Structure formats: structure tokens, C-alpha cells
Amino acid sequence: TYSAHVGTPCRPIEQWDKFSLKILQEILSQVPRELFLSVLQRLLENFNRNRAGLPDLFLWKDGIQVWAEVKGPGDTLSVVQEEWLSFLHAQGGETRIIRIVDQHSPSPK
């Protein structure tokens, strides 16, 4: 199916060349089936609203998978990001917020 449709305009996939088929298959092999189906169902229920707020990263190593949202100094979670993290956690997904610290700025007193 991927080969038949690669490059075809598709709202959920904005950049076909961002990930190879091999990488996509590796990612899908790491996400538990029920969690993946729940994510797809949530997206399809209201794609325009629910595509926003998905975590920035999906990380995996040695059988451990984590959905991670990255925040810089002074950045906070939006409502839709909080909703996605709560949803993923409720579905059994591990979630994390990764806070980036500027090591060159003065320490707060």
C-alpha cells in the first residue's frame, strides 16, 4: 500500500520523504497494536483538531517506548498537548515531558 500511494497528497502525511518505509515499519513494530489503533481512531474522530498536540518524539530502546513532549525555557504545555499526553497515558503509553535547560543563562536565585 505504501508503494502504491507514496507521494500522493494526503492530509495526515505532509512530507513523504521525512521517513523511509523501513523506519515507519520499525516504529510500528514498537507501538503496541491496541495503542496504535486508539491513536488512529482519535485522529479520525476529528482530524483537524486532534492532529495538533501529538508529542514531539516517539522513543524506543530495549522494549521500552516513550512518547515525549519537548519544552524549552519558559515554554508550557498547551491544552491539546495535555489532552494527548493524558490520552496516551490512559491507553497504557509511557509519556514524558522533556525540559530543555539553557546552561549558558544565569541560574535563578
Side-chain angles (χ1 to χ4, degrees):
T1 302
Y2 179 89
S3 296
H5 297 284
V6 66
T8 304
C10 174
R11 290 188 69 199
I13 303 171
E14 295 176 0
Q15 296 175 322
W16 282 95
D17 60 344
K18 191 169 187 175
F19 301 104
S20 69
L21 177 57
K22 182 178 178 179
I23 293 293
L24 292 173
Q25 289 171 323
E26 175 67 20
I27 292 168
L28 289 176
S29 75
Q30 296 300 316
V31 180
R33 178 182 166 83
E34 291 303 316
L35 177 56
F36 179 69
L37 293 174
S38 294
V39 168
L40 286 179
Q41 181 176 351
R42 186 166 193 263
L43 285 169
L44 292 172
E45 286 172 356
N46 186 339
F47 184 76
N48 286 335
R49 183 183 193 293
N50 291 334
R51 73 178 178 160
L54 273 166
D56 296 316
L57 303 172
F58 177 73
L59 309 168
W60 70 94
K61 183 176 180 177
D62 299 331
I64 299 170
Q65 306 88 24
V66 176
W67 302 81
E69 182 62 39
V70 180
K71 292 293 167 194
D75 199 5
T76 60
L77 289 173
S78 69
V79 171
V80 293
Q81 288 170 329
E82 289 176 0
E83 289 172 357
W84 265 112
L85 292 172
S86 293
F87 173 83
L88 291 164
H89 182 74
Q91 302 301 314
E94 285 289 324
T95 60
R96 298 283 187 275
I97 300 169
I98 299 172
R99 304 226 181 252
I100 305 299
V101 177
D102 182 358
Q103 295 181 355
H104 299 294
S105 65
S107 298
K109 296 187 181 193

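As the structure is a prediction and not an experimental result, all values here were calculated from the model. Just so you know, these numbers use all the heavy atoms, side chains as well, and skip hydrogens, waters and symmetry mates. Counting begins at 1 with the first residue of the sequence.
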Enumerate donor-acceptor pairs with a distance under 3.5 Å from any side-chain N or O in residues 83-91 to protein atoms, sequence neighbours excluded.
| residue | atom | partner | partner atom | Å |
| --- | --- | --- | --- | --- |
| E83 | OE1 | R49 | NH1 | 2.7 |
| E83 | OE1 | R49 | NH2 | 3.2 |
| E83 | OE2 | R49 | NH2 | 3.2 |
| W84 | NE1 | N50 | O | 2.7 |
| W84 | NE1 | A52 | O | 3.2 |
| S86 | OG | E82 | O | 3.1 |
| Q91 | OE1 | S38 | OG | 3.2 |

(request) Treating Ile, Leu, Val, Met, Phe, Trp and Tyr as nodes and any side-chain heavy-atom pair under 4.5 angstrom as an edge, say whether L24 and L57 lie in one connected cluster. (result) no
Under 3.5 Å, sequence neighbours excluded: what are the donor-acceptor pairs made by side chains of residues 74-81?
| residue | atom | partner | partner atom | Å |
| --- | --- | --- | --- | --- |
| S78 | OG | Q81 | N | 3.2 |
| S78 | OG | Q81 | OE1 | 3.4 |
| Q81 | OE1 | K71 | NZ | 2.9 |
| Q81 | OE1 | S78 | N | 2.8 |
| Q81 | NE2 | E69 | OE2 | 2.9 |

(request) Not counting sequence neighbours, list each pair that qualifies as a salt bridge (Lys or Arg N to Asp or Glu O under 4.0 Å) and has a residue in residues 17-31. (result) none
(message) Between V31 and L43, is there shared hydrophobic-cluster membership here, with clusters defined by ILVMFWY side-chain heavy atoms closer than 4.5 Å?
(response) yes
(request) Specify the closest pair of heavy atoms between A68 and P55, including all atoms of both residues, with the distance to one decimal. (result) O-CB, 3.5 Å
(message) Can you list everything that forms a salt bridge (Lys or Arg N to Asp or Glu O under 4.0 Å) with R96? Sequence neighbours excluded, please.
(response) E94
(message) With a 4.5 Å cut-off on side-chain heavy-atom distances among I, L, V, M, F, W and Y, is there a chain of contacts connecting F36 to Y2?
(response) yes
(request) State which residues pass side chain to side chain contact (heavy atoms under 4.5 Å, CB included) with I100; sequence neighbours excluded, sorted by chain then number. (result) V70, I98
(request) Please round to the nearest 0.5 Å and tell me the distance separating atom CG of L35 and atom CG of L40. (result) 10.0 Å
(request) Not counting sequence neighbours, which residues clear ring-ring contact (aromatic ring centres under 6.0 Å, His included) with F58? List them please. (result) W60, W67
(message) Please determine whether residues W16 and L21 belong to a single hydrophobic cluster, defined as Ile, Leu, Val, Met, Phe, Trp and Tyr linked transitively by side-chain heavy-atom distances below 4.5 Å.
(response) yes
